[in-house]
Protein chains: 2
Amino acid sequence: MATGRNHRPATRSRGIPEATVARLPLYLRALTALSERSVPTVSSEELAGAAGVNSAKLRKDFSYLGSYGTRGVGYDVEYLVYQISRELGLTQDWPVVIVGIGNLGAALANYGGFASRGFRVAALIDADPKMTGKQVAGIGVRHVDELESIVHTNGVSIGVITTPAGAAQQVCDRLVGAGVTSILNFSPTVLSVPEGVDVRKVDLSIELQILAFHEQRKAADELSRGLRGPERPAPAAGGTGGGAGGARRGEGPGPDGDIPAVMPA
Amino acid sequence: MATGRNHRPATRSRGIPEATVARLPLYLRALTALSERSVPTVSSEELAGAAGVNSAKLRKDFSYLGSYGTRGVGYDVEYLVYQISRELGLTQDWPVVIVGIGNLGAALANYGGFASRGFRVAALIDADPKMTGKQVAGIGVRHVDELESIVHTNGVSIGVITTPAGAAQQVCDRLVGAGVTSILNFSPTVLSVPEGVDVRKVDLSIELQILAFHEQRKAADELSRGLRGPERPAPAAGGTGGGAGGARRGEGPGPDGDIPAVMPA
DNA sequence: TAGATTGTTAATCGATTAACAATC
DNA sequence: TAGATTGTTAATCGATTAACAATC
């Protein structure tokens, strides 16, 4: 890093905060939808609503990119699509390889949101010889022996790892050794990579555990408010009753009132 | 929410910061691995290394849970596993439904990391009549018409949405209407839910776009340092040359020096 | 001009981190 | 006792947000 700072770019150089970078794709998606409906301009309020953030945050985020709006009017949709795409590096083509073609690898290979955003699946790679040659999402699966040559030939700098946990670090090392500098890791492993290589991790189990934490606390909150038994809706089907089982709670003393959406009787 | 604060719990009640909650599953995974190797105790330094965080952060995180370590010794692995599991709500059983059984839904259904962490796939649900009755991961797929009764009967409070974008909001509404209060959303949609319902979003395309942003900046950095052409490793395979393609860069003017890993000629 | 909406400021809040006293 | 390591403090940093002047 340019300064003494360590690992993870955080905010360096041009200085777009990480939190902002992580939201740019959200804005881009919302803008693309507007563009498809031929909406010419949009206000920060509208766009923020569509992206699921608040408008002050959106304007602050955009201010890091430049002054692309018009006071009193809003933002030109097409222009913003272009500027954000450019900022994210989506105006160029990114060949990616997916390593590990199980259910998840196949799901990603079939994922439509790729091509439209500049990502091109250059190859699917698997260690199982029985997989090689098979077509997945119209692409032939190749053997992991070819990994290095595939990366070199296609100038791949982004790799997606969807192998079992046991194979992930080894695959990662080979990808990095072959020149890959960004890795999207779906395996439940902490990958170790040299300086200069970015790793992002998607972990289903972790997401579920975070949900469980909040779910548990909701149940505890209900109990401590003395509303009902421990988080179990009406046992029988058919009745609309149990449906409320925690959903749409009348939150505290707010203006929302205490009227349950559905009354048990 | 109990106080005036809006949406997203952030830190409320017992007061474990969100950032800490999000790391607890990481610690738990590392601890589980140690437990399987029958390691009795672990220091914050070791555990932090295994989880990929720094040790000060880990100790701070644990301090929110209580004082579970022993000065001069470290943490008892089994005890910590239990405490974190309990904190996350994993000592109870969480029935989940997965709606949308395409490649991704099937991948999740087959995912092994579920059962071991207290999550049980109560049902797989799909809108396609041709899917109903099929076995996926040993579970019969059921038709979306049954969604409400499945949720009621099994006391499901966590739903996973793996449908196409177009169906996601509708599925979400039905899940919430039936009593689900936590949703893991894999569709590229901003779901709108009533107060009290938690949504977490996993978005492959967004992760890739964030990587592309950093990848692009690496290339720009290289260029501005005048090292070589725009981010393309040596075209031919075989040589060790192109491999470096950006990896392990000599970072800036630091003590690391300006020696490129590989010279173009 | 009047109304609308951006871009920016400044206050606040939450998260990270180094350092070290407490204590095993 | 000496060495090790936790739990906590306090400083710092980054992110969020409301508010509003600038300006279309």
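Order of the sequence lines sets the chain letters (A, B, ...), proteins ahead of strands, with each chain counted from 1.
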Any idea which of [options] is nearest the [X] side chain?
X	options	value
Ser63(A)	dG7(C), dT5(C), dT6(D)	dG7(C)
Ala56(A)	dT17(C), dA18(D), dT6(D)	dA18(D)
Arg23(A)	dT16(D), dA15(D), dT17(D)	dT16(D)
Tyr75(A)	dT6(C), dT16(C), dT17(C)	dT6(C)

Measure the distance from [atom1] on [X] to [atom2] on [N] and round it to the nearest whole Å.
X	N	atom1	atom2	answer
Glu46(A)	dT6(C)	CD	C1'	14 Å
Glu45(A)	dG7(C)	CD	P	14 Å
Tyr68(B)	dT8(D)	OH	P	12 Å
Lys60(B)	dT5(D)	NZ	C1'	18 Å
Lys57(A)	dG7(C)	NZ	P	18 Å
Phe62(A)	dT6(C)	CZ	P	10 Å
Leu58(B)	dA19(C)	CG	C1'	17 Å
Asp61(B)	dT8(D)	CG	C1'	14 Å

Quick one about [Y] and [X] (side-chain donor to acceptor, distance below 3.5 Å, no hydrogens or angles considered), yes or no?
X	Y	result
Thr20(B)	Asp61(B)	yes
Glu78(B)	Ser35(B)	yes
Glu36(B)	Thr32(B)	no
Thr181(A)	Glu215(B)	yes
Gln83(A)	Tyr79(A)	yes

Exercise. Let me see the working for Ser157(B) and Val180(B) under side chain to side chain contact (heavy atoms under 4.5 Å, CB included), right down to the final yes or no.
Key: CA-CA 4 Å; Ser157(B) 53; Val180(B) 166; 5.9 Å; no
Dump the pairs, protein N or O against N or O of nucleotides 20-24 of chain C, anything under 3.5 Å, distances to one decimal.
{"from": "dA22(C)", "atom 1": "N3", "to": "Arg71(B)", "atom 2": "NE", "distance (Å)": "2.8"}
{"from": "dT23(C)", "atom 1": "O4'", "to": "Arg71(B)", "atom 2": "NE", "distance (Å)": "3.3"}
{"from": "dC24(C)", "atom 1": "O4'", "to": "Arg71(B)", "atom 2": "O", "distance (Å)": "3.4"}
{"from": "dC24(C)", "atom 1": "O2", "to": "Arg71(B)", "atom 2": "O", "distance (Å)": "3.4"}

Practice problem: Give each stem of DNA chain D as a range with a range, requiring at least 3 consecutive Watson-Crick or G-U wobble pairs whose two distances are under 3.5 Å. | Solution: C:3-24 with D:3-24
Quiz item: Under 4.5 Å between any side-chain heavy atoms of Lys201(B) and Glu207(A), yes or no?
Solution: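 Lys201(B) does not reach Glu207(A) side chain to side chain.
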Practice problem: State, with a plain yes or no, whether a side-chain heavy atom of Arg59(B) is found less than 4.5 Å away from one of Tyr75(B). | Solution: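 Yes, close enough: below the 4.5 Å cut-off.
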Self-check item: Option passing side-chain contact (heavy atoms from CB on, under 4.5 Å) with Ser85(B) (candidates Leu80(B), Leu31(B), Leu28(B))
Solution: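 With Ser85(B) as partner, side-chain contact (heavy atoms from CB on, under 4.5 Å) holds for just one option, Leu28(B).
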Exercise. Could you tell me whether the phosphate oxygens of dA15(C), OP1 or OP2, come under 4.0 Å of any side-chain nitrogen or oxygen in Tyr64(B)?
Key: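 For dA15(C), neither OP1 nor OP2 has a side-chain N or O of Tyr64(B) closer than 4.0 Å.
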